2 protein chains.
Amino acid sequence: MLRISKLTDYGTLIVTQMAATPAQVVSATELADALGLGLATVSKVLKALGRHGLVLSHRGTRGGYLLSRPPEQISIADIVDALEEQPFGLTECSAGSGTCSLETGCRIRGSWIRINAVVREALQGVSIAEMTPPPDLSNAPSPASQRVSGPGRLARNAG
Amino acid sequence: MLRISKLTDYGTLIVTQMAATPAQVVSATELADALGLGLATVSKVLKALGRHGLVLSHRGTRGGYLLSRPPEQISIADIVDALEEQPFGLTECSAGSGTCSLETGCRIRGSWIRINAVVREALQGVSIAEMTPPPDLSNAPSPASQRVSGPGRLARNAG
DNA sequence: GCAAACTGTACTAAATTGGTACTGTATTTG
DNA sequence: CAAATACAGTACCAATTTAGTACAGTTTGC
Ligand code: FES
Ligand code: FES
């Protein structure tokens with residue numbers, strides 16, 4: 001359907017939320033609460049992000065997660081890579097080798113690989129820092145607007 | 001998974017195949033045979049392409065389909081639009097309105113809409129004519145290489 | 001009238017995704 | 001050291017989406 005998965009979407013939401021207070025440890029519970037998502041779901045996403053080095057985790061009583069890099073250096077493509085296990089590519093054939101018996105002769109495969117590259121660049125060109133304006137006003141509750149009732153992607157939960 | 005659906009993929013394959021002999025009526029059976037796909041599947045794709053005006057159909061004994069435009073004027077985006085019923089957009093929130101309760105206040109939505117536009121341009125910038133070299137050698141069986149055993153995307157069928 | 005070929009719908013099975021539960025481990029705190 | 005907190009990892013089930021096919025109908029050409 002040419003969509004990123006919801007988990008990936010949550011990833012962008014979570015990282016964006018974390019970018020509001022960079023270099024600060026936030027627990028999965030806090031993030032889940034702030035975004036209106038289930039704790040288990042948020043944990044799943046954070047774990048994947050951690051495996052790919054986008055966030056650092058800290059266990060224990062006052063543990064939590066924090067971004068491993070400044071938001072300017074985290075792109076949408078990074079998050080996609082972390083949360084979609086399969087290799088990047090709009091078609092099965094162009095995502096890797098071995099799937100298609102006609103790889104050597106097929107010419108549309110080359111075209112798809114080119115298309116993939118352009119799409120990927122688009123995702124790489126957008127950083128998390130660009131997703132929301134920088135929090136100049138440290139007092140203004142900039143992410144609070146997201147705390148009202150949770151994102152609509154969760155309409156099911158919100159019932 | 002950030003993939004187009006297989007049906008859409010078949011669409012590109014079918015239209016590319018038809019572009020090899022433009023302005024010529026080809027039956028769904030012939031296309032299915034040439035590409036190693038099931039007839040019902042090919043019919044389903046062609047019907048959708050017809051509904052969106054990409055191919056013209058002709059019923060009856062010697063009927064079939066033909067491209068409604070020269071291959072240069074058919075883009076990958078056209079095929080995606082025809083075969084993915086849902087509106088274009090990488091995330092649910094950015095594909096349309098009404099899905100999310102935070103639309104008005106949400107700032108990452110704007111970013112996603114921008115990303116969508118770039119991705120869409122990438123798909124619009126590639127025409128079917130670019131997918132394979134133009135058939136200068138009318139004798140050379142350029143599409144024949146695809147007739148060997150069917151695309152690997154169908155490994156299940158071929159197995 | 002018969003056969004070829006498209007039209008349209010409906011259904012079933014498979015694959016993927018989404019969400020959650022449960023058990024384990026590390027760290028802080030007192 | 002014990003208790004509480006929070007991450008780690010796995011495994012599982014439900015919901016959704018996709019893929020493929022079947023079937024009954026209609027149009028056209030011979
Ligand atoms: S690489 Fe699979 S059909 Fe071209
Ligand atoms: S528009 Fe849905 S979370 Fe932003």
Side-chain angles (χ1 to χ4, degrees), chain A residues 1-11 13-14 18 25-33 35-52 55-66 80 83-86 91-92 95 99 150-151 153-159, chain B residues 1-11 13-14 25-33 35-52 55-66 80 83-86 91-92 95 150-151 153-159:
Chain A
M1 146 163 60
L2 202 38
R3 292 258 169 96
I4 62 174
S5 74
K6 280 196 183 179
L7 274 300
T8 305
D9 198 355
Y10 296 158
L13 228 23
I14 289 170
M18 291 176 76
V25 174
V26 203
S27 73
T29 307
E30 288 174 290
L31 287 168
D33 192 49
L35 297 169
L37 301 171
L39 171 60
T41 301
V42 170
S43 291
K44 187 192 247 186
V45 172
L46 283 166
K47 197 174 1 169
L49 293 175
R51 264 199 299 270
H52 290 259
V55 301
L56 301 174
S57 62
H58 199 236
R59 290 206 206 181
T61 304
R62 313 211 41 189
Y65 295 89
L66 84 163
V80 169
L83 295 176
E84 318 258 344
E85 280 309 322
Q86 333 219 10
T91 68
E92 187 180 337
T99 335
R153 345 187 176 207
L154 303 174
R156 196 181 324 118
N157 290 358
Chain B
M1 149 164 57
L2 202 39
R3 292 258 168 96
I4 62 174
S5 74
K6 281 196 184 180
L7 274 301
T8 305
D9 197 356
Y10 297 160
L13 227 24
I14 289 169
V25 174
V26 203
S27 73
T29 309
E30 287 175 292
L31 287 168
D33 192 49
L35 297 169
L37 301 170
L39 170 59
T41 301
V42 170
S43 290
K44 187 191 248 183
V45 172
L46 283 166
K47 196 177 357 169
L49 293 175
R51 263 199 300 270
H52 289 258
V55 302
L56 301 174
S57 62
H58 200 237
R59 288 206 208 180
T61 305
R62 310 211 42 188
Y65 295 89
L66 85 164
V80 169
L83 294 176
E84 317 259 344
E85 280 309 322
Q86 334 219 9
T91 68
E92 188 180 336
R153 345 190 176 202
L154 304 173
R156 195 182 326 120
N157 290 356

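Chain letters run A, B, ... following the sequence lines, proteins first, then strands; residues in each count from 1. What you see is a predicted model; the values in this text were computed from it and never measured. Computation of the quantities below employed the complete heavy-atom set of this structure, encompassing side-chain atoms and omitting hydrogens, waters and symmetry-equivalent molecules.
For S43(A) and dA6(D), the shortest distance from a side-chain N or O to OP1 or OP2 is not below 4.0 Å. Put simply, S5(A) has no side-chain N or O that comes within less than 4.0 Å of OP1 or OP2 on dT16(C). S57(B) has a side-chain polar atom (N or O) that falls below the 4.0 Å cut-off from OP1 or OP2 of dT7(C). Regarding contacts with the backbone of dG20(D), a side-chain N or O of Y10(B) is found under 4.0 angstrom from either OP1 or OP2.
Residue-to-nucleotide proximity on DNA chain D shows that, of L46(A) and T61(B), the 5′-proximal contact is made by L46(A). Between A40(A) and H58(A), the residue whose closest nucleotide on DNA chain C is further toward the 5' end is A40(A).
Taking the C1' atoms of five terminal pairs at each end of the helix from dG1(C)-dC30(D) to dG30(C)-dC1(D), the two resulting helix axes are inclined by 20°, rounded to 10°.
With sequence neighbours excluded, the residues that form a side-chain contact (heavy atoms from CB on, under 4.5 Å) with T29(B) are S27(B), L39(B). Remark: H58(B) engages no residue in a side-chain contact (heavy atoms from CB on, under 4.5 Å) (not counting sequence neighbours). With sequence neighbours excluded, no residue forms a side-chain contact (heavy atoms from CB on, under 4.5 Å) with R62(B). In this view, L7(B) and S5(B), Y10(B), T41(B), K44(B), V45(B) satisfy the side-chain contact (heavy atoms from CB on, under 4.5 Å) rule, not counting sequence neighbours.
Across all strands shown, G64(B) has heavy atoms under 4.0 Å from sugar-phosphate atoms exclusively, and none from any base. Heavy atoms of L7(B) sit under 4.0 angstrom from primed sugar atoms or phosphate atoms, though from no base atom.
A straight line from CD of E92(B) to P of dG18(C) spans 10 Å, rounded to a whole angstrom. Nucleotide dC7(D) holds its C1' atom 14 Å from the CD1 atom of I14(A), rounded to whole Å. One can place CD of Q86(B) at 11 Å from C1' of dT16(D), the figure rounded to the nearest angstrom. Rounded to an integer number of Å, the gap from E84(A) CD to dT16(C) P is 13 Å. A straight line from CD of E85(B) to P of dA19(D) spans 13 Å, rounded to a whole angstrom. Spacing between atom CZ of R62(A) and atom P of dT5(D) amounts to 13 Å, rounded to whole angstrom units. The distance between atom CE of M1(A) and atom C1' of dT16(C), rounded to the nearest whole Å, is 10 Å. In this structure, L39(B) atom CG and dC6(C) atom C1' are separated by 10 Å, rounded to whole Å.
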Exercise. Should L2(B) and L2(A) be marked as a side-chain contact (heavy atoms from CB on, under 4.5 Å) after you check the CA-CA gap, both sets of side-chain angles, and the distance that decides it?
Worked result: CA-CA 5 Å; L2(B) 202 39; L2(A) 202 38; 4.1 Å; yes

For this session: Test M18(A) against L46(A) for side-chain contact (heavy atoms from CB on, under 4.5 Å), laying out the working first.
Result: CA-CA 11 Å; M18(A) 291 176 76; L46(A) 283 166; 4.1 Å; yes

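Nearest heavy-atom pair, Q86(B) versus R3(A), reported as atom, atom and distance to 0.1 Å: CB-NH2, 4.1 Å. Minimum interatomic distance between K47(A) and Y65(A) (heavy atoms only, all atoms of both residues): N-OH, 4.5 Å. Heavy-atom minimum distance, E84(B) versus T8(B): OE2-OG1, 2.6 Å. The minimum heavy-atom distance between A48(B) and L83(B), with the atom names listed, is CB-CD2, 3.4 Å.
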Atom pairs, protein N/O to nucleotides 8-13 of chain C N/O, distance under 3.5 Å:
{"from": "dG8(C)", "atom 1": "N7", "to": "K47(B)", "atom 2": "NZ", "distance (Å)": "2.9"}

